[in-house]
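In what follows, every chain begins at residue 1, and chains take the letters A, B, ... in the order their sequences are listed. These figures come from a predicted structure and were not determined experimentally.
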Amino acid sequence: MRLSSYLLPTLKESPADAEITSHKLTMRAGMIRKAAAGIYTYLPFGLRSVRKVEQIVREEMEKAGALEVLMPMVVPAELWQESGRWEQYGKELLRLTDRKNSEFCLSPTHEEVITDVVRGTVRSYRQLPINLYQIQTKFRDEIRPRFGLMRGREFIMKDAYSFDLDDAGADASYERMFQAYQNIFRRCGLDFRAVEADTGNIGGTASHEFMVLADSGEDAIVSCDSCAYAANVEKAQMRTEPGTVAEATQELRLVDTPGRRSVEEVAQFLAVDPACLIKTLLVQTDSGERLAVLVRGDRELNEIKLCRLLGCNEVFMLDDDGVTAMTGAPVGFAGPVGLDCRILADLEVEFIRDGVTGGNCADRHYMGVNPGRDFTVEQYADLRSAEAGDGCPRCNGTLQMWRGIEVGHVFKLGTKYSEAMKATVLNKEGREVPLVMGCYGIGIGRTVAAAIEQHSDDNGIIFPMPIAPFQVLITLLNPKDEAVLAAGEKLYDQLRRAGVEVLLDDRDERPGKKFKDADLIGIPIRVTVGGRGLKQGEFEVYMRASGEQKMLALDKTATWLIDEVNRQLAG
RNA sequence: CGGGAUGUGGCGCAGUCUGGUAGCGCACCUGCUUCGGGAGCAGGGGGCCGGAGGUUCAAAUCCUCUCAUCCCGACCA
């Protein structure tokens with residue numbers, strides 16, 4: 001491709017609304033342009049990288065035995081009503097009506113459609129296992145799209161769905177996909193971890209997320225420093241140290257704590273350790289029940305663990321009025337003593353002796369509080385979020401904390417959808433059984449963005465070879481110089497004939513601009529063709545990642561480059 | 001949806017408080033000179049200041065409403 005006839009609108013400055021590296025660089029390198037919040041056009045240069053990732057995904061999916069399909073984006077409401085998600089899914093589901101007033105949605109995921117297809121086409125266990133995937137544009141009307149391709153409303157996703165006769169088969173399918181995902185992200189040049197994850201509103205029995213490690217990541221994950229345990233903090237457990245319930249030594253007493261509401265303020269005012277405080281969180285479930293949840297003052301409640309325990313989809317923190325209605329005190333003075341509702345508590349709370357809680361009265365706290373004696377906890381459970389330094393739940397190691405970008409997610413769905421939608425096959429005994437499903441997603445654009453988060457410097461992008469829009473950039477310093485043009489074009493032709501993807505910068509621009517653009521767009525190998533080198537019979541080859549530079553004889557360069565590209569593609 | 005902020009040529013910004021002829025840098029077009037890390041000079045094109053209403057002799061500027069975008073929280077590939 002000749003840059004003189006290409007569309008590569010590079011920007012000297014980052015658009016004001018771009019916050020993180022990959023958003024700034026995808027804009028500056030002329031890869032994307034925004035059409036609306038979370039909705040983007042992929043320009044030619046950006047699309048090439050997207051296609052590279054898609055191709056890697058296709059290869060690994062096919063290798064794992066999955067078959068490509070393409071499902072509709074506009075899906076009739078009936079299918080979603082059948083699974084029950086038409087009501088459940090909420091506002092992320094963009095609903096529309098056609099001219100006949102029939103209801104549809106823009107599908108954010110395709111469990112319903114694929115299950116409908118499979119129940120109509122697969123009748124016998126002999127046809128199993130089967131795994132169908134597609135690479136397609138999804139729409140989720142996210143509350144807050146952000147960071148360019150990182151969280152779009154419209155985005156390209158690979159989604160795969162496996163169908164098996166039984167759990168053992170489903171486990172094997174899951175394992176195959178898990179392995180394929182490892183291959184995909186490794187080939188994309190990413191530093192990632194597979195972590196245990198919550199299943200969210202997709203549902204199912206088990207799941208792993210593939211997290212690209214990056215400070216800009218929206219997820220927090222923990223991993224053990226000595227074993228393989230790794231999990232999203234939403235899900236992460238921690239080792240519970242065996243506690244001893246000591247004797248209470250203090251009487252319960254109310255003390256004045258004027259204006260002290262937060263854990264820090266109260267702890268400091270009363271000169272006690274925040275770990276001695278019992279934080280009382282008043283929540284309401286989606287079914288309307290109001291209850292109190294206790295965690296140690298220095299810990300955070302994990303709402304997802306709470307939901308799992310309560311068996312509900314969502315819990316909401318009570319607002320100021322709700323808190324006052326329950327405790328008779330303003331926010332900041334709630335406590336379990338004398339509170340008239342169910343009380344749940346994190347495991348650690350049981351071992352707090354002579355603690356501090358809110359007094360359910362303005363500007364008062366209780367001291368000398370002892371669980372069991374002063375209030376009754378219905379159930380102790382693991383309800384807090386894991387933190388760096390917590391013990392690993394699987395071994396004696398210690399948990400470390402990271403930020404991650406979720407580029408892939410695999411789920412064991414079980415029979416949630418197949419039962420709801422009556423997707424069954426006949427087993428060996430001739431009996432109808434529901435299919436056991438799995439589903440597997442990869443954010444394609446997000447993977448490109450994540451790669452850029454991990455591979456850039458102050459000058460721009462540094463594409464890993466396998467997902468680079470072009471593999472080699474030939475920079476003609478002065479295309480008007482016939483010798484330069486001839487030498488550059490010859491190399492360009494040689495490389496193209498060998499199947500190398502090469503971009504020829506034949507623009508009539510000054511060298512400075514060409515070098516700046518070259519660094520910005522991050523093509524892994526740059527060949528500079530200029531009068532200076534030609535006089536010595538050499539091309540100058542520059543490696544974007546390492547900064548390494550070498551002079552190569554004119555007639556040896558093409559071969560060297562072909563080898564180098566292949567070497568880098570192989571990883 | 002709650003909290004915060006911003007909308008002025010393609011991009012980055014000033015001007016708004018204190019109303020009075022719409023500006024700067026980059027980019028773009030033409031010419032000349034330049035040409036190994038975002039060139040210089042000269043000339044040129046492009047914006048009814050997000051939109052609607054109002055106040056006023058006069059509105060980018062003041063008021064009301066609205067739309068859009070971004071950031072912080074709950075959702076997710």
Practice task
Quick one: look up who B:rG37 pairs with, Watson-Crick or G-U, both distances under 3.5 Å, and put none if it's unpaired.
Solution key: none
Practice task
Would you sort out whether A:Asp505 and A:Thr475 count as a side-chain hydrogen bond (donor to acceptor under 3.5 Å, both in side chains), showing the intermediate values?
Solution key: CA-CA 5 Å; A:Asp505 189 352; A:Thr475 299; 4.9 Å; no
Completion exercise
To the nearest angstrom, the CZ-P distance between A:Arg140 and B:rA74 comes to 18 Å
Completion exercise
Across every strand shown, the nucleotide meeting Watson-Crick or G-U wobble geometry with B:rC65 (both distances under 3.5 Å) is B:rG51
Handout entry: Whole-angstrom distance between B:rG44 and B:rG25, as gauged at atom P
Key = 14 Å
Completion exercise
In Watson-Crick or G-U wobble terms, with both distances under 3.5 Å, the base opposite B:rA42 is B:rU30
Handout entry: Proximal nucleotide (of B:rG37, B:rG12, B:rC1) relative to the A:Ala16 side chain
Key = B:rG12
Practice task
Scan A:Gly408 against the nucleic acid and name what it touches under 4.0 Å (heavy atoms): base, sugar-phosphate only, or nothing.
Solution key: sugar-phosphate
Exercise for the section: Counting Watson-Crick and G-U wobble pairs only, both distances under 3.5 Å, name the nucleotide matched with B:rC70, or none. Expected result: B:rG4
Problem - Shortest side-chain distance from A:Pro15, nucleotide among B:rC11, B:rG36, B:rG38 - result: B:rC11
Problem - Inter-nucleotide C1' distance (B:rU69, B:rC29), Å rounded - result: 31 Å
Completion exercise
note: A:Leu301, atom CG; B:rG73, atom C1'; distance rounded to Å ~ 15 Å
Practice task
Would you mind telling me which of B:rA77, B:rU69, B:rC11 lies closest to the side-chain atoms of A:Glu13?
Solution key: B:rC11
Fill in the blank from the handout: Picking from B:rG36, B:rU69, B:rC72, the nucleotide nearest the side-chain atoms of A:Phe515 would be B:rG36
Fill in the blank from the handout: In whole angstroms, the gap separating P of B:rC70 from CE of A:Met27 amounts to 11 Å
Problem - Distance, C1' atom - from B:rU18 to B:rC11, rounded to whole angstrom - result: 31 Å
Handout entry: Nearest-nucleotide pick for A:Glu142, side chain only, options being B:rG36, B:rC75, B:rC28
Key = B:rC75
Practice task
Check whether any side-chain nitrogen or oxygen of A:Arg144 sits under 4.0 Å from OP1 or OP2 of B:rC71, and answer yes or no.
Solution key: yes
Practice task
Can you tell me, in whole Å, how much space there is between the C1' of B:rC63 and that of B:rC72?
Solution key: 30 Å
Exercise for the section: Identify whether any heavy atom of A:Gly533 sits under 4.0 Å from a base atom; if not, whether one sits that close to sugar-phosphate; answer base, sugar-phosphate or nothing. Expected result: base
Problem - side-chain N/O A:Arg510 vs B:rG38 OP1/OP2, d < 4.0 Å - result: no
Handout entry: Plane angle bin for A:His208 and A:Phe178 - parallel if under 30°, tilted between 30 and 60°, otherwise perpendicular
Key = perpendicular
Fill in the blank from the handout: If pairing means Watson-Crick or G-U wobble with both distances under 3.5 Å, then the partner of B:rG12 is B:rC24
Problem - Closest to side chain of A:Glu406, choosing from B:rG38, B:rG37, B:rA77 - result: B:rA77
Practice task
Find out whether A:Arg28 and A:Thr10 are in side-chain contact, i.e. whether some heavy atom of one side chain is under 4.5 Å from a heavy atom of the other.
Solution key: no
Exercise for the section: Find which nucleotide of RNA chain B each of A:Lys12 and A:Met157 is nearest to by heavy atoms, and output the residue with the more 5' nucleotide. Expected result: A:Lys12
Fill in the blank from the handout: A:Ala37 has its side chain closest, among B:rC70, B:rA77, B:rC11, to B:rC70
Handout entry: Presence of donor-acceptor pair under 3.5 Å, side chain of A:Asp519 and base of B:rG37
Key = yes
Practice task
Have a look at A:Asp159 and say if it touches a base, only the backbone sugar-phosphate, or nothing, with a 4.0 Å heavy-atom cut-off.
Solution key: nothing
Exercise for the section: Could you tell me which nucleotide pairs with B:rG19 by Watson-Crick or G-U wobble geometry, both distances under 3.5 Å, or answer none if nothing does? Expected result: none
Problem - Distance test, side-chain N/O of A:Arg153 to OP1/OP2 of B:rC76, below 4.0 Å - result: no
Practice task
Classify the side-chain pair A:His110/A:Gln134 by whether it contains a donor and acceptor separated by less than 3.5 Å.
Solution key: yes
Problem - Sugar-phosphate only, base, or nothing, as touched by A:Glu540 at under 4.0 Å among non-hydrogen atoms - result: base
Problem - Touch class at under 4.0 angstrom, heavy-atom based, for A:Lys138 against every strand present - result: nothing
Practice task
Please report, rounded to the nearest Å, how far the P atom of B:rC75 is from the CZ atom of A:Phe155.
Solution key: 16 Å
Practice task
Select base, sugar-phosphate, or nothing to describe what A:Tyr181 touches, counting heavy atoms under 4.0 Å on all strands.
Solution key: nothing
Exercise for the section: Calculate the interatomic distance between A:Asp17 atom CG and B:rG7 atom C1'; express it in whole Å. Expected result: 11 Å
Practice task
Could you check whether A:Gly512 gets within reach of a base, just the sugar-phosphate, or nothing at all, counting any heavy atom under 4.0 Å?
Solution key: sugar-phosphate
Handout entry: B:rA27 versus B:rC41 - spacing of their P atoms, nearest Å
Key = 12 Å
Problem - Between B:rG51 and B:rG7 - P atom distance, rounded Å - result: 13 Å
Handout entry: Rounded distance in Å - NZ (A:Lys514) to P (B:rG38)
Key = 15 Å
Exercise for the section: Output the single nucleotide from B:rC71, B:rU69, B:rG38 whose closest atom is nearest the side chain of A:Arg146. Expected result: B:rC71
Handout entry: Pair A:Lys91 + A:Asp141: basic N to acidic O under 4.0 Å
Key = no
Practice task
Evaluate the ring planes of A:Tyr181 and A:Tyr440, with Trp represented by its six-membered ring, and classify them as parallel (under 30°), tilted (30 to 60°) or perpendicular (over 60°).
Solution key: perpendicular
Practice task
Assign A:Gly152 to base, sugar-phosphate, or nothing according to its heavy-atom contacts below 4.0 angstrom with the strands shown.
Solution key: base
Fill in the blank from the handout: When rounded to whole Å, the CZ to P distance for the pair A:Arg28 and B:rG10 reads 20 Å
Practice task
Indicate, yes or no, whether a donor-acceptor pair under 3.5 Å links the base of B:rG37 to the side chain of A:Arg526.
Solution key: yes
Practice task
Could you check how far NZ of A:Lys480 sits from P of B:rC35, rounded to whole Å?
Solution key: 12 Å
Handout entry: B:rC57 to B:rA42 separation - P atoms, rounded to the nearest Å
Key = 45 Å
Exercise for the section: Pick base, sugar-phosphate or nothing for A:Thr447, based on heavy-atom distances below 4.0 Å to the nucleic acid. Expected result: nothing
Exercise for the section: Before accepting this row, confirm whether a basic side-chain N of the pair A:Glu300/A:Arg384 lies closer than 4.0 Å to the acidic partner's carboxylate O. Expected result: no
Handout entry: Salt bridge present between A:Lys305 and A:Asp382 (N-O < 4.0 angstrom)
Key = yes
Handout entry: Note: A:Arg85-A:Glu111 ion pair, threshold 4.0 Å (strictly below)
Key = yes
Practice task
Among the candidates B:rG36, B:rC75, B:rC11, find the nucleotide nearest to the side-chain atoms of A:Leu477.
Solution key: B:rG36
Practice task
Specify whether A:Tyr89 and A:Trp80 have parallel, tilted or perpendicular ring planes, treating 30° as the upper limit for parallel and 60° as the lower limit for perpendicular.
Solution key: perpendicular
Problem - Nearest-angstrom distance, P atom, B:rA59 to B:rG46 - result: 24 Å
Completion exercise
In Watson-Crick or G-U wobble terms, with both distances under 3.5 Å, the base opposite B:rU56 is none
Handout entry: Which residue lies more 5' along RNA chain B, comparing A:Phe210 with A:Ile143 via nearest heavy atoms
Key = A:Ile143
